2 protein chains.
Amino acid sequence: MSVGIRHDDLRRRNRAMVISAVRRAGQPSRTEIAATTGLSHSTISAISADLIQEGILTESKANEPTALKRGRPQIGLALNPEAAAVLTVVLSLNFLSVAVIDYAGQVIAEEQQRLDTLVMPRDELIGECMAIVRRRLQDPDLDVGSVARIAMGIQGITDSQARAMLWSPITPLTDIPFADMLETEFGIPATMENDCNMMAVALQWRDPDRYRDNFIAILLSHGIGMGLVLKGELFTGTHSSGGEFGHMIHRPGGALCRCGRRGCVEAYAGNYAIWRSAKKMSEDAEPVDVGDADMRALAVKARETDGPEREAYRRAGEALGFGLGSLFALIDPAPVAMVGVSAAAFDLIEPALREAIAQTAGGQHSKSISFDTEPNELPLIREGCAMRALTFVDQEIFAPGVQARASAGKNVA
Amino acid sequence: MSVGIRHDDLRRRNRAMVISAVRRAGQPSRTEIAATTGLSHSTISAISADLIQEGILTESKANEPTALKRGRPQIGLALNPEAAAVLTVVLSLNFLSVAVIDYAGQVIAEEQQRLDTLVMPRDELIGECMAIVRRRLQDPDLDVGSVARIAMGIQGITDSQARAMLWSPITPLTDIPFADMLETEFGIPATMENDCNMMAVALQWRDPDRYRDNFIAILLSHGIGMGLVLKGELFTGTHSSGGEFGHMIHRPGGALCRCGRRGCVEAYAGNYAIWRSAKKMSEDAEPVDVGDADMRALAVKARETDGPEREAYRRAGEALGFGLGSLFALIDPAPVAMVGVSAAAFDLIEPALREAIAQTAGGQHSKSISFDTEPNELPLIREGCAMRALTFVDQEIFAPGVQARASAGKNVA
DNA sequence: GGCTTTTTTTCGAGCCTCAAAAAAATAGTG
DNA sequence: CACTATTTTTTTGAGGCTCGAAAAAAAGCC
């Protein structure tokens, strides 16, 4: 079962601890690191000396004259941006974007591209993805050797090993092992991540106080997705990437869902469902893509007049509230972040949503549940991919992977 | 956030590892322990020498002539039964039971008692619990000082700190801080555990291969409860003990539930709900207690004729399947153990249950979901409490708690 | 310039784990 | 019964890691 702690693991773990402390805190001094990690000053001193010597950390000379205090001034430690780089690929509906990020987390290059994901044949879709990555990697300003990891994010279901896209709403294609493809093509370790999970990862980094142990990120867009963090860790199932929140059954035999079943939450709360309902179309009407601009216009109209548009949002709220209620019945209430176009219309959704939650077992706490909204999911997804890739690198640089440590130490004389 | 590993933690953790390996394996040799923990033989040798010297482990002289092999025969290591003892208290409907268990996990004394939990006033209920514990602790055969922990299990909701019973179906009383009461009364560390969680813990010990990382224990009794294990650890929420599976809303505005709301899963699948439905009573009828014998008779009748009894079980299956489907939509399918009287009637429940699951998002895998049944919940709950208490002791004996180590070492000359 | 304060580094001690060798305990073999 | 082969357990020495205390470094203060 769980394995004992070997003696050499100790240093490895404490190195990880120091790197992670620096990544979180920005420019902590050695003393601060000692305080947060609970390790002694001498240990921190020794480890950080190693890390600096290996080119992973740098002493930030930017000795900004902080509150002039007595005593020897603290020397901030920072991640060396040149220690490594990671590449993120985000594939979403009709849109492909790539970014190169340095070890300190700064975007150093990016490229975006429109493409018709819904109709592209398999080879072409894969080809475009590979091509855009290749262009970024061939950038003369970039030291290709420093790119240590690729994280690709996609809307849809990925396998639990983070290797392949199993199914996605943005394409009829299924089972594309993007991670393996990227690895064989570029020789760089890669993973295939679910978009909602990456949103959750990004939230954890953006606001660690609020999003710490248990929280939920819900994507309100064309489809409804969820990223679930339990006990501070992303919860991914044993089979696939994560919770099919959008496909919980709200009304058995109800409205037609994009997935082919009936009555799913998404069939009431997805963009197409709200649109369908607002336009008084049949619940059996085939789901269609609705642009973000159209959705925003719909929300405006719903706020203006109490017509079918407002009713559509109300029903969406009801469905979402139902799903959240079930979730809270199983797992305790936790902060919820609503992300995506419809999050901008959360004012229209919230009343019915809270009402629905209040009727469920978790409902006792329904008043105390707090919602954040973030209308733009793409930056979050990219941020999550970047952080995921960077933390992987953090763990490879100090890990037994000798080659990783060697390449990181390239700055050493 | 997470704290660094101090140097002395290493030994502590590896000691824990060894103790846990022995508890799991029964009578492993040092070589086996080395293999399962991944630590070197010398380390295991050193640690086990310590543990033996402190009276925590013993070399089992019962050198049962295993497969006669060449070479120096292995010496089995076992937990020293006298190293400590724990006490379990299980309070269920009209029934109170206490057991004293030695460090090796054997029951060395027990006592059971009927009492009218539903009508007892607060003082009396608490008094009876304290009295039965006191009687056991005053047993002249027992070295009171060796009792290192009390674990109390109860049907109902406990707080997430495992200190108090917040609400229980077995009594109208609420908010009884049993753990604190036991601690102040007897000076022994105590916890207040939820019955379904303890069932899950027990299953994990009974069949670790089957119930390892993710699984679900569902109590089908008067009420419906759930114990959820995720990533090998009991999942307990931030507020209360765990999932209110039984109170997920199956049919909004539907049958009257014991909790006062309508349409809960329990209002279709609890004993009283099945009874109500089988007897063609109104769905608004006040929930009543149904004895186990009556429930068994009901199941017999349902098997004999296709009447309202069979339909009642079918509807119970539907409600349970609905709840499980939602659960599987959020969290991947996992083995399910059905525990309690109605688990003995699972043959009547299963078809409708599977059908309901198949209609949900997690339903793809519905065929592969496996169910175990265990009609008797009490032994499981007691076993879970015992294991929980014992693992606490495991962690206190080696932990910095110097006094714990000292008292465990009482056998030393 | 000397003193105080705070941070960082250095150094020796104490543990812990590991690998290798030694010791122990038994089965097979003639 | 003596001897060898085999396997488990213990011992031993080496190497590393962390810690606490002391020293060194780097500022502000007077």
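The model shown is predicted, which means the values in this text are computed figures rather than measured ones.
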Could you tell me the separation between the CG atom of B/Leu39 and the C1' atom of D/dT9, rounded to a whole number of Å?
16 Å

Would a 4.5 Å heavy-atom cut-off, applied to side chains only, mark A/Val107 and A/Arg382 as touching?
yes

Rounded to whole angstroms, how far apart are CE on A/Met17 and P on D/dC17?
16 Å

Think A/Arg30 has a side-chain N or O under 4.0 angstrom from the OP1 or OP2 of C/dT9?
yes

Of all the choices, D/dT9, C/dT17, D/dA27, which nucleotide is nearest to the side chain of B/Ser29 once you look at every atom?
D/dT9

Write out a two-atom table: protein N or O, nucleotide N or O from nucleotides 12-16 of chain C, distance below 3.5 Å.
residue: C/dC16; atom: OP2; partner: B/Arg11; partner atom: NH1; Å: 3.3

For B/Ser40 and B/Thr43, what are the C-alpha separation, side-chain angles and deciding distance, and is it a side chain to side chain donor-acceptor pair (under 3.5 Å)?
CA-CA 5 Å; B/Ser40 73; B/Thr43 304; 3.0 Å; yes

A/Arg163 with A/Glu183: basic N within carboxylate O range, under 4.0 Å
yes

Please report, rounded to the nearest Å, how far the P atom of D/dT18 is from the CZ atom of A/Arg12.
13 Å

Euclidean distance, atom CD of residue A/Gln74 to atom C1' of D/dG28 [Å, nearest integer]
15 Å

State plainly whether the residues A/Asp207 and A/Arg212 are in salt-bridge range, i.e. N to O under 4.0 Å.
no

With side chains defined as the heavy atoms from C-beta onward, is the minimum distance between B/Met387 and B/Val201 less than 4.5 Å?
yes

Less than 4.0 Å between a side-chain N and a carboxylate O, is that true for A/Arg30 and A/Glu59?
yes

Taking ring-ring contact (aromatic ring centres under 6.0 Å, His included) as the definition, give me every residue that meets it alongside B/Phe186, ordered by chain and number, with sequence neighbours left out.
none

Winner on side-chain proximity to A/Pro73, out of D/dT8, C/dT8, D/dA27, is D/dA27

For a quick test of reading the model, state the closest non-hydrogen atom pair linking A/Val86 to A/Ala386 and the distance between them.
CG2-O, 4.3 Å

Indicate yes or no: at least one non-hydrogen side-chain atom of B/Leu57 is less than 4.5 angstrom from one of B/Asn80.
no

I'd like a list of close polar pairs between nucleotides 11-14 of chain D and the protein, N/O only, cut-off under 3.5 Å.
none

Would you mind reading off the distance between A/Ile47 atom CD1 and D/dC19 atom P, rounded to a whole angstrom?
9 Å

When the distance from CD1 of B/Ile44 to P of D/dT7 is rounded to whole Å, what number comes out?
21 Å

For atom CD of A/Glu59 and atom P of D/dA26, their distance in whole Å
11 Å

Take atom CZ of A/Arg72 and atom C1' of D/dA27, then tell me their distance rounded to the nearest Å.
10 Å

